[in-house]
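What follows is a single structure, written as structure tokens, with notes after it.
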Amino acid sequence: MLKVRIAVLVSGGGTNLQALIDAQQSGILKSGEIVLVLSSKEGVRALERAAAAGIDSAVVSRKSCASQAEFETRLQAELESSGIELVVLAGFMSILSAEFVSKWQKRIINVHPSLIPSFCGEGYYGLRVHEAALKKGVKVSGATVHFVNEIPDGGEIILQRAVPVYKKDSPESLQRRVMERAEWKLLPRAAELVAKKIRSEGDSYGKHDQ
Ligand code: GAR
């Protein structure tokens, strides 16, 4: 059976990308294949992880683009030239416009390091999410994988997992626990669920109409 062609979009360390690569190697991710890693930043660790796994990568630097429209035109060109069918945002730190997202309905998933609808939306990314959770004093946090729509972190939830918050936590220790216990497990499982659905439903499944 043909595998769904997956692009993973990254901006930094790429530990979630690594979880996807490991899941591919262990057979947890089997309905899709990561054929492209696209980074919005030069020189990040995620690009080294892609190279080590023998996966093609490209950089579309947000900084070097004059506008969001130019950035997205270049992203779209990379995705189309690699025949991508599913986009996985794994620590991708740029918000995508409604126009871009509408071309990829139910074809973009994202991992977010909180239990949505808490601590999400514009301004909530990376360590900031955990700082906000600790400031609020929540006793439980976690991670969410969701479809991406025009509302930042507002698309349909696919998988969610709770993680305890401890009194002694720093943003870094909470981030690590959320990654280890939730993100790195949920993201590969969600990618497999969505890839399997795309493969089984073929062109009729939420296919973008480009
Ligand atoms: C992860 O915790 C991911 O959930 C978060 O950034 C980190 C990236 O780490 N993403 C967001 O906050 C997006 N709103 P990684 O590069 O090691 O996967």
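Whatever order the structure lists them in is the order used to number ligands and atoms, beginning at 1.
Listed by first and then second residue, the salt bridge (Lys or Arg N to Asp or Glu O under 4.0 Å) pairs that reach into residues 37-48 are Arg45-Glu48, sequence neighbours excluded.
Between Glu180 and Arg176 there is a salt bridge, since a side-chain N of the basic residue sits under 4.0 Å from a carboxylate O of the acidic one.
Linking Ile, Leu, Val, Met, Phe, Trp and Tyr residues whenever their side-chain heavy atoms come within less than 4.5 Å leaves Leu75 and Val59 in two separate clusters.
The immediate protein surroundings of ligand 1, defined as residues with any heavy atom under 4.0 Å of it, consist of Gly13, Gly14, Thr15, Asn16, Gly91, Met93, Val111, His112, Pro113, Tyr124, Tyr125, Gly126, Met179, Glu183.
For Thr73, there are no side-chain contact (heavy atoms from CB on, under 4.5 Å) partners, not counting sequence neighbours.
Within the 4.5 Å cutoff, the side chain of Ile6 has no heavy atoms near those of the Glu85 side chain.
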Identify each donor-acceptor pair in which a side-chain atom of residues 7-25 lies under 3.5 Å from a protein atom, sequence neighbours left out, and give them as a table.
{"residue": "Ser11", "atom": "OG", "partner": "Ser40", "partner atom": "OG", "Å": "2.8"}
{"residue": "Ser11", "atom": "OG", "partner": "Met93", "partner atom": "N", "Å": "2.9"}
{"residue": "Thr15", "atom": "OG1", "partner": "Trp184", "partner atom": "NE1", "Å": "3.1"}
{"residue": "Asn16", "atom": "ND2", "partner": "Glu183", "partner atom": "OE1", "Å": "3.0"}
{"residue": "Gln18", "atom": "OE1", "partner": "Arg49", "partner atom": "NH1", "Å": "3.3"}
{"residue": "Gln18", "atom": "NE2", "partner": "Asp22", "partner atom": "OD1", "Å": "3.1"}
{"residue": "Gln24", "atom": "OE1", "partner": "Ile34", "partner atom": "N", "Å": "2.8"}

